[in-house]
Trainee: 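Got a structure here, written out as structure tokens. Questions coming.
Side-chain atoms are counted along with the backbone in the values below, which use heavy atoms only and exclude waters and symmetry mates. In listed order, ligands and their atoms are each counted from 1. Keep in mind that what you see is a predicted model, and the values were worked out from it rather than measured.
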Amino acid sequence: MEIIIGWLYPKLMSTYGDRGNVITIERRAQWRGYHVTVVPLDQNSTAADIQSVDIIVGGGAQDRQQEIVMRDLQGNKADAIRDKINKGTPGVFTCGSPQLLGNYYEPGFGQRIEGLGILDLVSIHPGENSKRCIGNLVIEVTATRLAQELTEIIGRKPYLVGFENHGGRTTLGKVEALGKVVYGLGNNGEDGTEGAFYQNAIATYSHGPLLPKNPFIADWLIQTALRLKYQEEIKLTPLDDTLANQGREAMFKRLKVEANASANS
Ligand code: GLN
């Protein structure tokens with residue numbers, strides 16, 4: 001079985017180390033014997049390239065690079081991404097990427113940029129003199145179906161640990177939040193929401209990168225992609241995540257957050 005990972009604008013949208021998400025999916029799939037190809041989706045790609053992928057990964061970017069991407073991602077390329085996400089292609093989109101999948105982004109300096117309108121959210125940077133949202137982030141996943149499916153994978157309530165670094169503040173419209181903030185600021189530092197979840201697209205402010213710190217999300221992406229592609233029940237063989245789990249526990253302890261709740265609590 002094969003998985004094709006589409007990586008959105010690797011050269012422009014890799015400012016914050018989110019390349020680690022691509023590597024994590026790639027390795028965790030290969031360790032289970034799946035064949036993996038990583039395809040860059042950028043200015044040189046076509047709509048057909050976008051249609052060919054099984055998982056989409058998009059990282060963060062600074063405003064200027066993000067603007068170049070948002071201006072390139074129009075027409076049939078935008079339609080292809082919209083179509084893939086609407087049809088349930090799994091993906092993980094971090095920080096600048098959810099901003100471009102939303103209705104619009106207003107940078108700290110310059111004009112509003114229209115987004116793809118796939119996620120019903122808007123993001124506004126309150127200006128270059130405003131404080132950025134920077135620091136460790138812990139969330140409890142509350143998006144109903146995702147929380148259930150992750151609980152099946154790990155046997156307890158899913159908490160994500162990461163690191164946020166953004167100027168933009170996001171307000172959700174009708175889209176479901178990915179989770180609620182346990183530590184940190186999340187979407188806007190005010191309403192306690194973090195990220196968004198739509199079809200099988202995970203949008204988050206969490207760098208870290210996200211997946212090495214929360215490997216069960218990578219497994220959920222792989223499992224969801226394989227089920228969709230091969231139309232059969234897929235159960236991934238477990239991997240030894242002792243080190244990742246120890247890292248998570250150390251971070252929870254350091255931040256003094258209770259994130260060990262069992263599935264029933
Ligand atoms: N440019 C966006 C912001 O500052 C995204 C930052 C990021 O991707 N980390 O809000």
Trainee: Can you name the residues that come within less than 4.0 Å of ligand 1, going by heavy atoms only?
Mentor: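 Under the 4.0 Å cut-off, ligand 1 touches Tyr16, Gly60, Ala61, Gln62, Asp63, Gln66, Cys95, Gly96, Gln99, Tyr105, Arg132, Asn165, His166, Gly167, Gly168, His207.
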Trainee: Under the salt bridge (Lys or Arg N to Asp or Glu O under 4.0 Å) rule, collect the residues that match up with Arg19, sequence neighbours excluded.
Mentor: none
Trainee: Mind checking the CG-CG spacing from Leu121 to Asn187? Nearest 0.5 Å is all I need.
Mentor: 7.5 Å
Trainee: Would you tell me whether Thr170 and Tyr205 have side-chain atoms, one donor and one acceptor, within less than 3.5 Å of each other?
Mentor: yes
Trainee: Hey, are Lys235 and Asp219 close enough for a salt bridge, meaning a charged N less than 4.0 Å from a carboxylate O?
Mentor: no
Trainee: Could you identify which residues cluster with Phe109, counting Ile, Leu, Val, Met, Phe, Trp and Tyr as linked when any side-chain heavy atoms lie under 4.5 Å apart, either directly or through a chain of such contacts?
Mentor: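 None; Phe109 is a cluster of one.
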Trainee: Among residues at least two apart in sequence or on other chains, which ones pass side chain to side chain donor-acceptor pair (under 3.5 Å) with Asn86?
Mentor: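 Residues passing side chain to side chain donor-acceptor pair (under 3.5 Å) with Asn86: Tyr198.
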